[in-house]
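Worksheet for the structure shown next.
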Amino acid sequence: MLTILTGCGGSYFVKKVDGSDSVKVADDINSLQECSDKGTNTVRITGYAERLPEYIHRDLIQLSKNAAVQMDANTIVMTDFMEKGRGTQSATFAAFLCN
């Protein structure tokens with residue numbers, strides 16, 4: 001039973017799309033001034049009330065990376081994080097194409 005709990009706690013709940021591994025996460029939007037702005041994406045997860053905050057953050061990033069692939073972007077930066085309660089969190093990311 002310990003193996004099952006450990007596996008569930010660290011597993012990804014969000015599937016990766018092809019190309020999302022190459023999308024980088026920037027810490028500061030000001031460092032992306034030389035990049036082309038590709039727009040924003042807002043992602044949301046629900047039912048995560050019992051999950052650790054780092055897993056929620058990781059899954060929001062993966063959802064945004066997946067969206068960035070569709071936007072022809074290769075870099076994202078989180079610009080807003082919202083916790084709606086009852087296990088619902090969302091985040092807005094700016095997406096950029098950088099050289």
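We number each residue from 1, following the sequence as shown. Keep in mind it's a predicted model, so treat the numbers as computed, not measured.
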Is Ile61 linked to Val17 within one hydrophobic cluster, defined over Ile, Leu, Val, Met, Phe, Trp and Tyr using a side-chain heavy-atom separation of less than 4.5 Å? yes
Would the distance check show the side chain of Thr79 and the main-chain N or O of Thr92 forming a donor-acceptor pair, the cut-off being under 3.5 Å? yes
CG (Asp18) with more than 12 external heavy atoms under 6.0 Å: no
Taken in chain and number order and not counting sequence neighbours, the residues that satisfy salt bridge (Lys or Arg N to Asp or Glu O under 4.0 Å) with Asp21 are Lys16
Single-linkage hydrophobic cluster Phe93~Ile45, side-chain heavy atoms < 4.5 angstrom: yes
Between Asn41 and Ala68, the two heavy atoms sitting closest are ND2-N, 4.2 Å
May I have the step-by-step check of side chain to side chain donor-acceptor pair (under 3.5 Å) for Asn66 and Gln62, ending in yes or no? CA-CA 6 Å; Asn66 292 349; Gln62 186 59 52; 2.8 Å; yes
To the nearest 0.5 Å, what is the distance between CE on Met71 and CZ on Phe96? 9.5 Å
Val77/Asp27 under side chain to side chain contact (heavy atoms under 4.5 Å, CB included): CA gap, chis, key distance, verdict: CA-CA 6 Å; Val77 62; Asp27 292 326; over 6 Å; no
Rounded to the nearest 0.5 Å, how far does CG of Leu60 lie from CE of Met78? 5.5 Å
Over all heavy atoms of both residues, which pair between Ile29 and Ala94 is shortest? Give the atoms and the distance, please. CD1-CB, 4.0 Å
Report the C-alpha separation of Cys98 and Leu32 in whole Å, then their side-chain angles, then the decisive distance to 0.1 Å, and conclude whether the side chain to side chain contact (heavy atoms under 4.5 Å, CB included) test is met. CA-CA 8 Å; Cys98 303; Leu32 303 174; 4.0 Å; yes
Do Leu97 and Val25 belong to the same hydrophobic cluster, where Ile, Leu, Val, Met, Phe, Trp and Tyr are linked whenever their side-chain heavy atoms lie under 4.5 Å apart, directly or via other members? no
According to a 4.5 Å side-chain heavy-atom criterion applied to Ile, Leu, Val, Met, Phe, Trp and Tyr, with indirect links allowed, do Leu63 and Ile76 form part of one hydrophobic cluster? yes
Taking every heavy atom of Val23 against every heavy atom of Ala73, the minimum-distance pair comes out as CG2-O, 4.0 Å
I would like to know whether Arg44 and Thr88 meet side chain to side chain contact (heavy atoms under 4.5 Å, CB included); could you show each step before the answer? CA-CA 7 Å; Arg44 181 178 69 142; Thr88 300; 3.9 Å; yes
Rounded to the nearest 0.5 Å, how far does NZ of Lys38 lie from OG1 of Thr75? 12.0 Å
Residues in side-chain hydrogen bond (donor to acceptor under 3.5 Å, both in side chains) contact with Ser36, at least two apart in sequence or another chain: none
